Asker: 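Could you have a look at this structure, given as structure tokens, before my questions?
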2 protein chains.
Amino acid sequence: MRTTPDESANELLDVVPIVMRDIRSEMRSRRSHDLTVPQFRTLAFVNRNTGSSLLEVANFMGLTPPSASRLVDVLISRGFMTREEQATDRRRVKLTVTRRGLAVLKTCREGTLAHLSDKLSCLAPEDREGIVRAMQTLRSVFATDTHKRALLK
Amino acid sequence: MRTTPDESANELLDVVPIVMRDIRSEMRSRRSHDLTVPQFRTLAFVNRNTGSSLLEVANFMGLTPPSASRLVDVLISRGFMTREEQATDRRRVKLTVTRRGLAVLKTCREGTLAHLSDKLSCLAPEDREGIVRAMQTLRSVFATDTHKRALLK
DNA sequence: TATTGTTATACTCTATAACTATA
DNA sequence: TATAGTTATAGAGTATAACAATA
């Protein structure tokens with residue numbers, strides 16, 4: 001198999017949206033507590049980085065600050081997150097996942113993983129291994145938040 | 001490496017949204033003519049399946065009929081697609097990509113592929129090959145439109 | 001009556017522009 | 001003046017419910 005960058009790009013463009021749609025519709029289903037994908041990812045990020053600022057969220061999510069602000073608004077209105085001022089710099093915001101938010105995050109992640117696992121369970125172990133390796137490769141190319149907190153401050 | 005279904009599911013859930021965001025923001029950029037991902041996929045599907053009905057689009061896209069109808073509205077309003085009645089069954093709609101739609105589709109695809117190719121060009125050939133194989137595996141698990149037209153009629 | 005599709009309505013995502021508050 | 005964040009505004013994606021037209 002001769003694999004040019006263009007050929008692999010083509011496969012990515014074809015398949016990634018298909019998998020993404022599956023993830024989205026599983027998350028929006030009641031089973032997983034009805035989080036959108038952006039809500040889920042934001043919640044997960046803030047949970048891993050308690051006290052993070054709005055710009056850190058925006059940067060991780062690849063969003064403009066207003067978009068991130070709206071996303072956070074929704075999560076707060078649903079009781080999944082809180083927003084406070086940072087003591088050292090009152091312009092900055094300090095985001096925290098609530099206990100309820102953590103519970104929803106957990107349910108959503110578990111539900112989605114169970115769904116995906118089920119779909120992948122019919123594959124040969126070496127195929128799953130190939131998927132894991134490919135994802136790791138893709139993360140190294142596309143991830144925006146490697147050492148993010150170190151870079152931001 | 002022991003790769004359980006859950007482990008591969010976890011990687012998918014982590015990485016797919018990251019790649020997806022990259023694709024989306026490239027498409028929304030002016031370089032690629034500002035198509036959304038759903039618009040791009042719909043245009044590509046109708047281009048491959050000239051004269052397809054609304055329900056075929058909805059099915060391929062994984063959308064409800066009203067959502068697909070809206071999506072098509074936007075594409076028509078931008079002059080990228082036309083909607084006619086089918087002669088044999090006047091309830092059915094016959095969708096066709098216009099010349100202009102085809103040009104935009106081509107520009108968008110090429111721009112996005114060039115962008116992705118560039119990102120993937122730093123990888124070792126065997127890593128790209130791993131990506132291609134993983135995408136093919138994932139397509140076999142997640143694709144909804146295999147033999148779709150045969151199934152629908 | 002069943003099928004194909006649209007309209008009405010409501011939310012969310014996302015962007016740009018303009019603004020406020022703090023440093 | 002520069003930075004962090006929000007508000008205003010607008011277009012698009014998506015769903016459910018209700019409807020119209022055709023078979």
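In this text, all values refer to a predicted model and were calculated from it rather than measured experimentally. Order of the sequence lines sets the chain letters (A, B, ...), proteins ahead of strands, with each chain counted from 1.
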Asker: Does OP1 or OP2 of dG13(D) have a side-chain N or O of Gln39(B) closer than 4.0 Å?
Answerer: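 For Gln39(B), the contact criterion (side-chain N or O under 4.0 Å from OP1 or OP2 of dG13(D)) is met.
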
Asker: Would you indicate which nucleotide in dT6(D), dT22(C), dG5(C) comes nearest to any side-chain atom of Arg90(A)?
Answerer: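 Of dT6(D), dT22(C), dG5(C), dT22(C) is nearest to the side chain of Arg90(A).
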
Asker: Using the closest heavy atom to pick a nucleotide of DNA chain D for each, name whichever of Pro65(A) or Arg24(A) lands nearer the 5' end.
Answerer: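 It is Pro65(A) whose nearest nucleotide is closer to the 5' end.
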
Asker: Rounded to whole angstrom units, what separation is found between the CE atom of Met27(B) and the P atom of dA12(D)?
Answerer: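 Met27(B) atom CE is separated from dA12(D) atom P by 16 Å.
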
Asker: dT14(C) phosphate, OP1 or OP2: any side-chain N/O from Arg21(B) under 4.0 angstrom?
Answerer: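 Answer yes for this pair, as a side-chain N or O of Arg21(B) is under 4.0 Å from OP1 or OP2.
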
Asker: Less than 4.5 Å apart, side chain to side chain, heavy atoms only: is that true for Arg92(B) and Ser52(B)?
Answerer: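 They are not in contact (no side-chain heavy atoms under 4.5 Å apart), so the answer is no.
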
Asker: Provide, to the nearest angstrom, the distance between the CZ atom belonging to Phe80(A) and the P atom belonging to dT12(C).
Answerer: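 Rounded to the whole Å, the gap is 11 Å.
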
Asker: Between the base of dT16(C) and the side chain of Arg70(A), is there a donor-acceptor distance below 3.5 Å?
Answerer: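 Answer no: no donor N or O sits under 3.5 Å from an acceptor.
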
Asker: Compare the minimum distances between each of dA17(D), dG5(C), dG5(D) and the side chain of Ser53(A), then state the nucleotide with the smallest one.
Answerer: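 Selected nucleotide: dG5(D).
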
Asker: For Asp89(A) and for Thr64(A), find the nucleotide of DNA chain C with the closest heavy atom, then tell me which residue's nucleotide is more 5'.
Answerer: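 Looking at DNA chain C, the more 5' nearest nucleotide goes with Thr64(A).
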
Asker: Just do the salt bridge (Lys or Arg N to Asp or Glu O under 4.0 Å) check on Glu85(B) and Lys94(B) with the steps written out, would you?
Answerer: CA-CA 6 Å; Glu85(B) 278 181 355; Lys94(B) 197 170 76 173; over 6 Å; no

Asker: Would you say the side chain of Arg91(A) and the base of dT3(D) hold a donor-acceptor pair, judged only by whether the two atoms sit under 3.5 Å apart?
Answerer: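 Yes, a donor-acceptor pair under 3.5 Å.
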
Asker: Would you say Phe40(A) and Leu13(B) make side-chain contact, with heavy atoms under 4.5 Å?
Answerer: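 In contact.
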
Asker: Return the value, rounded to whole Å, for the distance between atom CG of Asp34(B) and atom P of dG11(D).
Answerer: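 Taking CG of Asp34(B) and P of dG11(D), I get 13 Å after rounding.
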
Asker: Under 6.0 Å from the six-membered ring centre of Phe80(A) and within 45° of its axis: does the NZ or CZ of Arg99(A) meet both?
Answerer: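 The answer is no; the distance or angle limit is not met.
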
Asker: Start with the C-alpha gap between Asp127(B) and Arg133(A), add the side-chain angles, then the distance that decides, and say whether salt bridge (Lys or Arg N to Asp or Glu O under 4.0 Å) holds.
Answerer: CA-CA 9 Å; Asp127(B) 286 339; Arg133(A) 273 206 291 255; over 6 Å; no

Asker: Looking at Ser67(B) and dA15(D), is any side-chain donor or acceptor paired with a base atom of the opposite kind under 3.5 Å?
Answerer: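 Result: at least one qualifying N/O pair found.
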
Asker: How many Å lie between CG on Leu71(B) and P on dA15(D), as a whole number?
Answerer: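 Distance check: Leu71(B) CG to dA15(D) P gives 11 Å.
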
Asker: Looking at Glu11(B) and Arg139(A), is any side-chain nitrogen of the basic one under 4.0 Å from a carboxylate oxygen of the acidic one?
Answerer: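 Yes, Arg139(A) and Glu11(B) are salt-bridged.
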
Asker: Looking at every strand, decide which applies to Pro38(B) at a 4.0 Å heavy-atom threshold: base, sugar-phosphate, or nothing.
Answerer: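 Answer is sugar-phosphate: Pro38(B) comes under 4.0 Å of backbone atoms only.
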
Asker: To the nearest Å, how far apart are Met61(A) CE and dC13(C) P?
Answerer: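 Taking atom P of dC13(C) as the reference, CE of Met61(A) is at 9 Å.
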
Asker: With DNA chain C as reference, determine whether Arg78(A) or Gly62(A) sits nearer its 5' end, using the nearest nucleotide of each.
Answerer: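 Looking at DNA chain C, the more 5' nearest nucleotide goes with Arg78(A).
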
Asker: In whole angstroms, how far is the P atom of dG13(D) from the CG atom of Leu43(B)?
Answerer: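 Taking atom P of dG13(D) as the reference, CG of Leu43(B) is at 12 Å.
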
Asker: Counting only side-chain nitrogens and oxygens, does Arg83(B) get under 4.0 Å of the OP1 or OP2 atom of dG5(C)?
Answerer: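 No, because none of the side-chain N or O atoms of Arg83(B) sits under 4.0 Å from OP1 or OP2 of dG5(C).
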
Asker: Side-chain N or O of Thr36(B) versus OP1/OP2 of dG13(D): is the shortest distance under 4.0 Å?
Answerer: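 Checking Thr36(B) against dG13(D): at least one side-chain N or O falls below 4.0 Å of OP1 or OP2.
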
Asker: Can you tell me the distance, in whole Å, between the CZ atom of Arg28(B) and the P atom of dT14(C)?
Answerer: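 Whole-Å distance recorded here is 10 Å.
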
Asker: Choosing from dG5(D), dT7(C), dT6(D), which nucleotide comes nearest the side chain of Leu55(A)?
Answerer: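 Of all the options, the side chain of Leu55(A) is nearest to dG5(D).
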
Asker: So which nucleotide from dC13(C), dT16(C), dG5(C) ends up closest to the side chain of Val74(A)?
Answerer: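 In terms of side-chain proximity for Val74(A), the closest of dC13(C), dT16(C), dG5(C) is dC13(C).
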
Asker: How close or far is atom C1' of dA15(C) from atom CG of Leu35(B), stated in whole angstroms?
Answerer: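 One finds 17 Å between C1' of dA15(C) and CG of Leu35(B), rounded.
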
